[in-house]
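Report on the following structure.
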There are 2 protein chains.
Amino acid sequence: MADKPRRPDLAAMLAPLLRELISAEEPVLAAHDVSMWGYVVLSALDGSPIRTQAALAAAIGADKTRIIRDLDELQERGLIERMADPDDRRARLLAITDTGRAVKNAVQAEIQRGEERWLGELNAEERRTFLRVLGRLASRESG
Amino acid sequence: MADKPRRPDLAAMLAPLLRELISAEEPVLAAHDVSMWGYVVLSALDGSPIRTQAALAAAIGADKTRIIRDLDELQERGLIERMADPDDRRARLLAITDTGRAVKNAVQAEIQRGEERWLGELNAEERRTFLRVLGRLASRESG
DNA sequence: TATTGTTATACTCTATAACTATA
DNA sequence: TATAGTTATAGAGTATAACAATA
C-alpha cells in the first residue's frame, strides 16, 4: 500500500529546538555565574520551599546525588538556605533566599528576552496557543 | 518594583517533555533493534541520499565521529547503502534501502501512535497550531 | 530495617586528536 | 595542503553502590 505523507516525530522537532534554546541560555547563565541545574533549582524553589533534597531532585527530574554540588554552591553564595529540619534531623529544608530570587528573576528575564528570537516569529494567536499547549503537555502527569 | 508573573522558560517546558517522549520511543526502537541515532539517520536519508557522512552528521546535529558505529550497523543490516563516490573516492554516498525505509516507516508509525498520548489531549485547532508552530521553530535557521 | 544526605566509583555519551587515503 | 573517513583517547555528565547519621 502507498505511504501516507507523515509529519516528523515530536521528539525529532523538539530535540534540535531545545539544543538551540540551551545554547542561547548558556551565556546568560555564565554571565550570572549560575549552572544550568543551579538555575533549575532556583526556579523550583521559587514557588515554595521543599522539605528534602530527594523531593527537589524528583521535582526537577534529576538524580538526588547529582544536585548536591549545585546545592553546595548555591548555599555558599547565599542563594538558597539549607536548614536542618528540627522534626527530622536527616532532612534539609530547602528555600530560596531574597538574593537567590533576585538572581533567578534577572536570569529568567534575560532568557525570556532571548526567547523572543523564536517567539517573535509567531503571531499573537499562534504564540498564545503554542505556549498554552506546551505548558499543558510539559506539566502532564507521566502515567 | 513588583514582579510581574512570568511564564516558565521554553527550555524548562521542553526538556521534561522531550525526556518523556524519548522514554516512550525507547521500547519501540528496541523492539525494532534500531538505536536512537540509527533512527535519526534513517529519517534523514528517507528524504534524499546524502553525499558524505560529514554532511549527514551536520544535518542531524551530530558529530561525524559518533555516527560511524551506527552507520556500520545500519549497513550490515542492509538498512542503508554506503557506496564509494567514483568521482571522489574519499566520499561515501549514503542512501536508505527499501528494507531501511520499511523499518523506518514501521518505527515512525508506532512512535506517532504513541505520541497520541500527548496530542490526544488537544483539540483540533490546538493540535494544528501546535504542530505547525513547532515545525516552523524546529526548522528555523539558527543564525 | 528504612530513609536522608553524602561520597566514591563505574559507566555512558560525547568531543578531541591523531592517523590513512585520497584529492 | 586540505578533506573524508576512521580509530583511539580523554573528558563531561550521569547513574550505581556503599557509607554515616537518624528515624
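Labels below follow one simple rule: chain letters A, B, ... track the order of the sequence lines, proteins then strands, and each chain is numbered from 1. Note that these values count all heavy atoms, side chains included, but never hydrogens, waters or copies made by symmetry.
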*Evaluate whether atom CZ of A/Arg69 has more than 12 neighbouring non-hydrogen atoms of other residues, nucleotides or ligands under 6.0 angstrom away.*
no
*Between A/Lys64 and A/Trp37, who's closer to the 5' end of DNA chain D by nearest nucleotide?*
A/Trp37
*Calculate the interatomic distance between B/Ile67 atom CD1 and C/dA15 atom C1'; express it in whole Å.*
14 Å
*Going through the distances and angles, do B/Arg136 and A/Glu121 end up as a salt bridge (charged side-chain N to carboxylate O under 4.0 Å, His left out)?*
CA-CA 9 Å; B/Arg136 235 161 66 209; A/Glu121 296 182 1; 5.3 Å; no
*Which nucleotide sits closest to the side chain of B/Arg92: D/dG5, C/dT22, C/dG5?*
D/dG5
*Under 6.0 Å from the CD atom of A/Glu73, do we count more than 12 heavy atoms belonging to anything else shown?*
no
*Kindly point out which of D/dT22, D/dT6, C/dT6 is positioned nearest to the side chain of A/Thr65?*
C/dT6
_Separation of D/dG5 P from B/Ile50 CD1 (nearest whole Å)_ = 11 Å
_When you compare the side chains of B/Arg82 and B/Gln75, does any donor N or O come within less than 3.5 Å of an acceptor on the partner?_
yes
_Most 5' of B/Arg82 and B/Arg90 on DNA chain D, judged by nearest nucleotide_ = B/Arg90
*Looking at D/dT14, D/dT22, D/dG5, which one has an atom nearest to any side-chain atom of A/Asp88?*
D/dT22
*asked:* Rounded to whole Å, please give me the gap between CG in B/Asp63 and C1' in D/dA12.
replied: 14 Å
*Compare the minimum distances between each of C/dT16, C/dT6, C/dT4 and the side chain of A/Thr52, then state the nucleotide with the smallest one.*
C/dT4
*Rounded to whole angstroms, how far apart are CG on B/Asp85 and P on D/dT3?*
17 Å
*For A/Ala12, does its backbone N or O pair with a side-chain atom of A/Asp9 as donor and acceptor, under 3.5 Å?*
no
_A/Arg69 CZ to C/dT7 P, straight-line distance once rounded to whole Å_ = 7 Å
_Which nucleotide wins on minimum distance to the side chain of B/Arg66, given the candidates C/dA15, C/dT6, D/dA4?_
C/dA15
*Spacing of A/Ile68 atom CD1 relative to D/dA17 atom C1', expressed in whole Å*: 14 Å
*What is the distance, rounded to the nearest whole Å, between atom CG of B/Leu56 and atom P of D/dA4?*
13 Å
*Starting at CZ of B/Arg51 and ending at P of D/dT3, how long is that distance when rounded to a whole Å?*
13 Å
